[in-house]
Amino acid sequence: MTRTLLMLCTAAVTAFAVSATSLGATPRAGSLTAIRRWDAVGHRAMAAIAYDRLRPATRARVDDIMRAHPDIGALGANVNINTPAGIREVFLRASVWPDQIRGDARFYQETDSSAQPTPLLPGYPTMARRAGWHYLSRSFSTDGTPTIPLIEPHVASVFPSLAESLGDRALSPSLRAYSLSWIIHVVGDLHQPLHGTSRSATEQPDGDAGGNRVWVQLRGFDRDSINLHAVWDGWVGRPSRELPIDDVAAAIARELPMTAGQADDALNLPRGAPLAATVRAWADESATLARYMAYELPPRAGNMPPVLPEAYVALGTRIARQRLALSAYRLAAVIEAQLGS
């Protein structure tokens with residue numbers, strides 16, 4: 001990676017960090033098959049930062065809604081949901097719940113034409129796994145390969161309805177809790193650069209599934225190779241798995257603090273179609289970082305995948321931590337916009 005690219009990416013990340021509502025714009029694409037997400041450490045750290053930023057009255061409303069989650073039996077296992085610490089833990093667990101249901105037999109894969117819908121359980125609007133809500137399916141190309149366009153509905157286009165259902169007091173608390181779980185998760189996912197774009201190339205005309213079909217070598221990793229998407233999912237989690245999640249969250253928040261003025265500005269989120277455009281812009285930021293940093297890999301070493309240099313690892317880690325902090329501030333803003341006074 002060249003010094004120029006390092007400077008470009010560092011400047012881009014700094015610009016994105018200036019305000020919790022900064023909206024970059026550049027091409028983005030998502031993977032076309034099942035992909036992984038920020039790992040559990042990243043999602044939980046993001047949720048912890050956001051939860052602790054909520055105003056007390058808003059947090060109390062969130063707590064009441066989460067207690068009515070249709071899967072509260074699982075989310076509230078081994079904690080007292082009527083204590084502040086217990087219900088906060090439920091909120092953190094909800095951040096990874098949309099990933100967990102992808103392997104849950106109660107839910108079905110609606111994108112599989114051969115899948116049969118499973119019985120609708122109490123409190124749920126659907127038992128679909130919503131696999132397409134984790135990323136945006138589109139691609140870019142640098143070799144002239146035809147790209148994959150963004151097709152609606154996608155996560156940005158459905159996000160306003162999730163936000164509106166969260167704020168709709170006429171709906172049942174269980175439906176609002178379902179929407180809140182997805183909001184927490186989706187805001188985190190869309191800040192992972194490889195959830196914003198996929199690369200189409202001559203050897204992979206259907207795209208590389210957001211880096212899932214690109215293999216690299218990561219020093220210190222316990223296998224010979226790892227896919228690029230997993231590398232980016234784990235920048236925060238790999239070195240932090242043994243640390244208390246609150247320590248991880250606090251360290252990330254310190255690295256990208258948010259001023260009181262920026263916090264006030266972040267509450268002025270639009271609704272409806274403008275909110276969809278805002279969410280798409282968050283994914284566009286991710287796409288920019290993916291195209292001009294994540295995919296800038298060294299050449300292969302013979303028949304082996306390329307080895308990620310130390311400069312790539314350092315910058316990737318920095319970007320991931322900043323994106324997590326930014327996603328947390330934006331998540332808090334979304335919740336305040338729907339549930340705040």
Side-chain angles (χ1 to χ4, degrees), residues 1-10 12-13 27-43 45 99 102 134-135 139-143 145 148 188-189 191-243 248 251-252 255 285-324:
M1 181 178 299
T2 66
R3 180 181 300 274
T4 299
L5 180 61
L6 286 170
M7 293 175 65
L8 182 152
C9 292
T10 301
V13 173
R28 103 197 105 146
S31 46
L32 307 178
T33 60
I35 61 175
R36 297 188 181 274
R37 292 65 56 195
W38 284 126
D39 65 12
V41 174
H43 274 295
D99 280 344
R102 300 180 83 166
H134 298 267
Y135 54 89
S139 71
F140 74 93
S141 175
T142 57
D143 66 2
T145 300
I148 300 164
D189 268 355
H191 284 75
Q192 203 272 51
L194 289 171
H195 282 254
T197 190
S198 185
R199 181 176 63 183
S200 295
T202 301
E203 64 276 14
Q204 292 177 329
D206 294 328
D208 63 12
N212 270 287
R213 300 171 187 157
V214 177
W215 293 90
V216 296
Q217 296 183 73
L218 182 63
R219 289 186 177 90
F221 195 65
D222 59 2
R223 296 196 299 272
D224 289 340
S225 60
I226 177 175
N227 75 63
L228 187 63
H229 194 102
V231 169
W232 280 83
D233 273 345
W235 283 132
V236 174
R238 272 188 299 273
S240 307
R241 298 198 194 285
E242 304 304 319
L243 298 177
V248 178
I252 291 174
E255 293 166 15
E285 296 170 358
S286 289
T288 301
L289 291 167
R291 180 169 184 173
Y292 296 108
M293 192 279 164
Y295 280 108
E296 287 292 324
L297 302 173
R300 295 176 62 90
N303 293 325
M304 294 297 293
V307 178
L308 298 181
E310 292 182 5
Y312 183 103
V313 172
L315 184 56
T317 300
R318 178 183 177 187
I319 289 172
R321 294 174 73 86
Q322 290 187 338
R323 293 295 286 168
L324 274 176

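From a predicted model like this one, the values you see are computed outputs, not experimental measurements.
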Once you round to the nearest 0.5 Å, how far does [atom1] of [X] lie from [atom2] of [Y]?
| X | Y | atom1 | atom2 | answer |
| --- | --- | --- | --- | --- |
| N227 | N212 | CG | CG | 4.5 Å |
| D99 | D189 | CG | CG | 6.0 Å |
| L289 | Q192 | CG | CD | 10.5 Å |
| L315 | E296 | CG | CD | 11.5 Å |

Any side-chain heavy-atom pair of [X] and [Y] under 4.5 Å:
| X | Y | value |
| --- | --- | --- |
| Y135 | L194 | no |
| Y295 | D208 | yes |
| L324 | W235 | no |

Can a donor-acceptor pair be found, under 3.5 Å and without considering hydrogens, that links the side chain of [X] to the backbone of [Y]?
| X | Y | value |
| --- | --- | --- |
| R238 | V231 | yes |
| Y312 | A294 | yes |
| R323 | H191 | yes |

Enclosure of E310 CD (heavy-atom neighbours >12, cutoff 6.0 Å): no
Within 45 degrees of the ring normal and closer than 6.0 Å to the centroid, is that where the cationic atom of R213 sits relative to W215? no
At their closest point, which heavy atom of [X] faces which heavy atom of [Y], and how far apart are they?
| X | Y | answer |
| --- | --- | --- |
| I319 | P193 | CG2-CG, 4.4 Å |
| P299 | P306 | O-CB, 3.4 Å |
| P239 | G234 | CD-O, 4.1 Å |
| P205 | S200 | O-OG, 3.7 Å |

Identify whether the distance between the nearest side-chain nitrogen and carboxylate oxygen of E255 and R318 falls below 4.0 Å. no
Under the side-chain contact (heavy atoms from CB on, under 4.5 Å) test, residues paired with D143 that sit two or more places apart: S141, T145, A201, T202
Listed by chain and number, what are the side chain to side chain donor-acceptor pair (under 3.5 Å) partners of Q204, not counting sequence neighbours? none
